[in-house]
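Supplied in structure tokens, the structure appears directly below.
Protein chains get the first letters and strands the later ones, always in sequence-line order, with residue 1 at the start of each. Just so you know, these numbers come straight off a predicted model, no measurement behind them.
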Amino acid sequence: MSKQETLYQAINQLRASIPELRGAIVASSDGLAIAHSLSNGEDPNRVAAMAATALGLGKRISESLNAGSLTETSVSGTNAQIYLYAAGQKGVLAIVAPAGANIGLIHMEARETAKAVASIL
Amino acid sequence: MNPLYDPIASFGTGPKPLKLVVAGPVGAGKTSFVRSLSETEVVGTDELATEDIGKTFTTVAMDFGTLVLDGQPIFLFGTPGQDRFDFMWEVLCEGALGLVLLVAGDKPSEFSQARRILEFITSRISVPFIVGVTRQDLPKVWSSEDVAEYFGLPTAQVVSLNATRSTSSIFTLIHLLELVGAYQLSESFVSSDAGLAEPQNGFGQQ
Ligand SMILES: Nc1nc2c(ncn2[C@@H]2O[C@H](COP(=O)(O)OP(=O)(O)OP(=O)(O)O)[C@@H](O)[C@H]2O)c(=O)[nH]1
Ligand SMILES: [Mg+2]
């Protein structure tokens, strides 16, 4: 299986285990979309760039405040929450969950997926 | 040497910091420019580049540095270069009082991208700008005059520099500040910094 196929398998698995997710995307840490599954027709290239920007800033904030290396960062709106997980040095996994979703469960699954993504990249 | 600017200590007193933005294509020297000028530790967001851009790292969010020039605190924001980060150009340019558009003088194939970036920004905010032609220390670079012609700008609005050298970068900054009207190059400033008196590559061409 190619790298990309393996990545698609990982995000499809994540979406299957948490059906309420509105989307998941894997991007390189410099903002290129690698594998994506977005339900609402968002532009994956744009989402990938924004995920890399948010994670990049998060990393600097985390370092500056002596929080260690960044594992995840999030953006919450009234309708949905976006979680961005570092996937090693090279990638980022972003997921979109509706407001009120079970975050504990999401974190558990998505952190595993991020680990898998890191090892694939 | 200028005293380090402490925004907390100077809150509400003294001159307000001037927000300047550095934009331009990938590899133009935006991060180098901010790093060569900042007197405080630069907040950088360079990540491993996956595309072949002729270097290992690329900026994904911003560069942030500060300096004080003749008592005027300056906040410098460097932008990412790729189109996919154009939302950051908008975010970072909000409230900017001046813009430095950098282009690599040895990469004329990227001038059109530089022009698109300039149009993107100036169509959204009206901000005084200068064009800086970097890599003047390398052979076969376009002169500032040629680049001015390319952009259809007065030659006074285009300068040559080596973005990795602070003495060179500071002249570019002063040029922008003069355009913005926020700064007059004072005698004391020139003579107080011996480095500035030394002729730099690129400046002889003006
Ligand atoms: N010789 C020389 N090298 C330069 C000059 N300006 C930048 N460089 C080099 O060019 C490379 C790219 O510079 P950066 O400052 O990372 O470019 P950037 O515009 O921030 O690029 P992105 O963040 O990827 O958009 C670095 O290796 C710098 O050392 C210059 O004026 N002269
Ligand atoms: Mg940069």
Per-residue contacts, residues 116-129 of chain B versus chain A, heavy atoms under 4.5 Å: none

Rounded distance [0.5 Å steps], CZ in B:Arg84 versus OG1 in A:Thr53: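 Going from the CZ atom of B:Arg84 to the OG1 atom of A:Thr53 covers 9.0 Å.
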
Interatomic spacing from CG in A:Leu32 to CD in B:Gln82 - rounded to 0.5 Å: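 Rounded to the nearest 0.5 Å, the CG-CD separation comes to 8.0 Å.
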
Top contributor to chain B interface from A:Gly56, A:Ser29, A:Ala54 [non-hydrogen pairs under 4.5 Å]: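 Of the options given, most contacts go to A:Ser29.
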
Proximal to chain A - members of residues 98-111 of chain B, heavy-atom separation under 4.5 Å: none

A:Arg46/B:Asp86 ion pair, N-O < 4.0 Å: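 So A:Arg46 pairs with B:Asp86 through a salt bridge.
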
Name the atoms and distances for all side-chain donor-acceptor pairs under 3.5 Å in residues 110-121 of chain A, with sequence neighbours left out.
| unit_1 | atom_1 | unit_2 | atom_2 | d |
| --- | --- | --- | --- | --- |
| A:Arg111 | NE | A:Glu72 | OE1 | 3.1 |
| A:Arg111 | NE | A:Glu72 | OE2 | 3.4 |
| A:Arg111 | NH2 | A:Glu72 | OE2 | 2.6 |
| A:Glu112 | OE2 | A:Lys115 | NZ | 3.4 |
| A:Thr113 | OG1 | A:Glu109 | O | 3.0 |
| A:Ser119 | OG | A:Ala116 | O | 2.8 |

Heavy atoms of other groups near B:Glu94 CD, more than 12 under 6.0 Å: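 At most 12 heavy atoms, drawn from other residues, nucleotides or ligands, come within 6.0 Å of this atom.
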
Region of A:Ser28 that comes under 4.5 Å of a non-hydrogen atom in chain B: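 Side chain of A:Ser28 only, per the 4.5 Å heavy-atom cut-off to chain B.
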
Heavy atoms of other groups near B:Lys19 NZ, more than 12 under 6.0 Å: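 Enclosed: over 12 neighbouring heavy atoms sit under 6.0 Å from NZ of B:Lys19.
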
Residues of residues 45-61 of chain B contacting chain A, heavy-atom criterion under 4.5 Å, by residue number: B:Thr45, B:Asp46, B:Glu47, B:Leu48, B:Ala49, B:Thr50, B:Glu51, B:Thr58, B:Val60, B:Ala61

Other residues, nucleotides, ligands: >12 heavy atoms within 6.0 Å of A:Gln89 CD: no

B:Glu149 atom CD: more than 12 heavy-atom contacts under 6.0 Å: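 No.
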
